[in-house]
Participant: 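Here's a structure for you.
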Amino acid sequence: MTTRVVVADDEPMIRTVLRKILDAEPDICVVGEAENGRQAVELAGRLRPDVLLMDVRMPELDGLDATELILDIERQPPRILLLTIFDSDQYVYRALCAGATGFLLKRAEPEQIVHAVRVAALGDTLLFPASIRELAARYRPRRPLAISRQLTEREADVLRLMAQGLTNSEIAERLYITVGTVKTHIGNLLTKLNARDRTQAVIAAYESGFITPGP
Amino acid sequence: MPRSPSFSLFRLFRSHTADRTLRRGLLLALGAASCGAYLLAGAALVAAPWRLDEQPATAGLVQLVLVQAVLAAGALAFAAGLVPAVRRAELRVVRVLLRVRFEPVPSRSVRWQTRLRAGVWHVLHVFLGAAVAVAFLVTLSVIASVPAWLSGPAGHDLAPWSLRGPLDFMLLAGTALIGVLALGCLVGAAGALADRLVRPLLGPSSAELLAAERLIAADLAARSRLSKEVHDSVGHALTVTLMQAGGAERLLDTDPEFVREMLKSIQQTSRSALSDLDHVLSLLKDGTTPAPTVPHGALTDLDKLIGPVTAGGLTVRHTVIGDAARLPAAVSRVGYRVVQEALTNVLRHGGPGVTELRVTIDETAITIECVNPLSTNQRPVPPGMGLTSMRHQVLALGGDLTAGAKGSQWLLAIRLPLAVPR
């Protein structure tokens with residue numbers, strides 16, 4: 001099965017390069033290009049891609065607002081990967097809180113970009129667990145939630161392993177349960193935490209103090 | 001190890017207090033010296049009308065003249081303090097001797113109120129110095145009179161060798177020590193007074209501080225604008241070239257045509273980033289700030305320039321030959337500023353009629369010509385700052401600029417090479 005991708009960036013050269021890199025992979029296909037956030041929202045609805053690779057800074061509608069809009073409108077939204085020029089951006093955290101699956105530095109190597117698109121499409125692991133930990137440490141909790149009281153012991157274990165960036169099968173191995181059970185636990189804990197995906201769940205875990213970012 | 005008393009005395013001598021007292025003493029000595037000069041001048045001023053050489057110099061008259069001389073010296077000191085140069089000198093003196101440093105305030109904008117305060121400070125400085133100097137002389141004379149006093153009413157010999165025993169010598173030494181200590185205390189007290197009054201009297205007023213703050217804020221804004229410019233242009237260009245290089249490497253075997261295209265584009269992007277860098281660095285070197293009104297004007301935005309001047313009543317016929325989007329960013333920006341300046345000048349000084357604007361871009365250079373009818377008002381306008389700064393910018397990019405009357409027309413022409421000079 002090929003992963004269908006839409007690329008959004010206001011710089012034509014960056015769109016061209018991204019398209020070339022991704023199209024060269026047999027299992028990835030770029031189905032559309034957007035040059036601003038508004039077009040990205042429109043293409044996300046019309047083309048229903050698996051992954052939307054989108055620049056944060058764009059004219060008309062920036063990547064953050066576009067992310068929020070797409071996740072609000074679409075019933076089955078694409079996984080959204082945001083592109084930034086500089087790391088440790090507060091936008092990144094806002095984007096992840098809004099429900100973006102992950103972010104990529106434009107200076108990343110092509111292999112990393114391809115890998116990120118594949119991982120985001122599968123959605124069974126957390127992208128950049130270390131970055132999320134750092135960001136959570138920097139932008140300290142604002143909404144204390146009693147997560148430990150809401151979750152069962154097993155669900156709490158799954159959440160902790162998720163935050164470390166483990167895939168579903170790795171979690172299954174660690175806890176001596178089947179992948180199907182892991183998926184059930186994840187589904188339940190996402191509902192309880194009112195999270196859209198793993199990223200949001202892990203951020204909620206950090207923000208509530210359920211997991212501490214550490215040094 | 002217990003410290004010996006002599007050691008602590010040595011420490012006291014070298015201590016901060018001693019150092020500060022010494023500096024204050026120097027400040028007062030400077031004041032005293034100036035006071036001497038003012039007193040002489042004051043005495044000369046007030047003594048002349050009295051014709052002292054013709055009158056009998058009674059004690060009353062001398063006293064009167066002395067009082068008047070002191071008052072005149074005070075007035076002179078005050079008048080001198082009003083002079084900005086004197087205030088600047090005082091500022092330098094207190095910076096060194098009182099270690100008081102004020103925020104730098106542009107000296108051109110010193111107000112009258114500030115000058116009056118400086119006058120009061122100068123009078124205070126001079127007379128405090130004089131008072132301490134008088135105290136110093138009195139102390140010296142007291143110490144010197146001790147041997148005379150010891151040798152009894154009949155003694156005329158004031159020399160210390162008239163001392164007859166160790167007790168006398170100790171008395172003399174004791175008096176001297178007390179005198180020196182008292183002088184030190186006096187210098188300390190006078191210095192403390194100067195310390196307290198220097199800020200209100202010599203410091204900048206709140207209005208001047210505000211003006212200085214504004215300057216600093218403007219400077220900061222300019223810096224942040226520059227850093228944003230570097231960030232936007234160079235950071236962006238580096239990111240793009242990096243992505244292009246990465247993509248090219250990945251597709252080296254499968255898509256050589258794409259790789260060729262990327263390599264070409266990398267050169268173009270790097271070149272334009274370098275010229276951007278040159279531009280920003282030259283701004284940093286000059287210490288000038290980038291024009292805040294047009295941060296990113298480029299020749300592709302020519303319509304943005306022509307629209308407003310047309311609305312301002314100018315008829316502009318413009319032709320562009322060549323692709324302005326292909327220009328290196330720095331060239332495009334300077335070109336934009338040239339057109340902007342030229343049209344503004346026409347609006348300001350030009351005569352009625354059509355203004356011709358021609359932009360020609362070929363493989364190696366860009367030419368911009370602006371021709372407009374001269375004003376019927378024949379008063380020659382001296383070339384302003386706009387033209388000078390325009391010329392600098394054009395020369396910096398290796399181009400040339402000509403401007404001048406040609407018949408009944410005014411012609412402004414620039415030529416800029418597209419390659420950035422090394």
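Letters A, B, ... mirror the listed sequences (proteins, then strands); counts begin at 1.
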Participant: Looking only at non-hydrogen atoms, find the nearest pair between B:G247 and A:P110 and report the distance.
Facilitator: N-CG, 4.2 Å
Participant: If we only count heavy atoms from C-beta on, is the A:E11 to B:V240 side-chain gap below 4.5 Å?
Facilitator: yes
Participant: Heavy-atom cut-off 4.5 Å, strictly under: side chain, backbone, both or neither for B:S265 against chain A?
Facilitator: side chain
Participant: With rounding to the nearest 0.5 Å, note down the distance linking OG1 in B:T254 to CG in A:D23.
Facilitator: 11.0 Å
Participant: May I ask you to say whether A:E25 pairs ionically with B:R250, meaning some side-chain N is under 4.0 Å from a carboxylate O?
Facilitator: yes
Participant: Within the supplied structure, the quantity of interest is the number of heavy atoms (other residues, nucleotides, ligands) at a distance under 6.0 Å from A:Q112 CD; does it exceed 12?
Facilitator: yes
Participant: Please give me the minimum heavy-atom distance between A:V17 and B:F258, naming the atom from each residue.
Facilitator: CA-CZ, 4.3 Å
Participant: With rounding to the nearest 0.5 Å, note down the distance linking CD1 in A:I21 to CE in B:M243.
Facilitator: 5.5 Å
Participant: For atom CZ of A:R118, decide whether the heavy atoms of other residues, nucleotides or ligands shown that lie under 6.0 angstrom number more than 12.
Facilitator: yes
Participant: Show your reasoning for whether side-chain contact (heavy atoms from CB on, under 4.5 Å) applies to B:D255 and A:K20.
Facilitator: CA-CA 9 Å; B:D255 195 347; A:K20 278 284 179 183; 2.7 Å; yes
Participant: Measure the CG-CZ distance between B:L238 and A:R107 for me, rounded to the nearest 0.5 Å.
Facilitator: 9.5 Å
Participant: Crowded around B:D362 CG? As in, over 12 foreign heavy atoms under 6.0 Å?
Facilitator: yes
Participant: Step through the shown structure and confirm whether more than 12 heavy atoms of other residues, nucleotides or ligands are within 6.0 Å of CD on B:Q268.
Facilitator: no
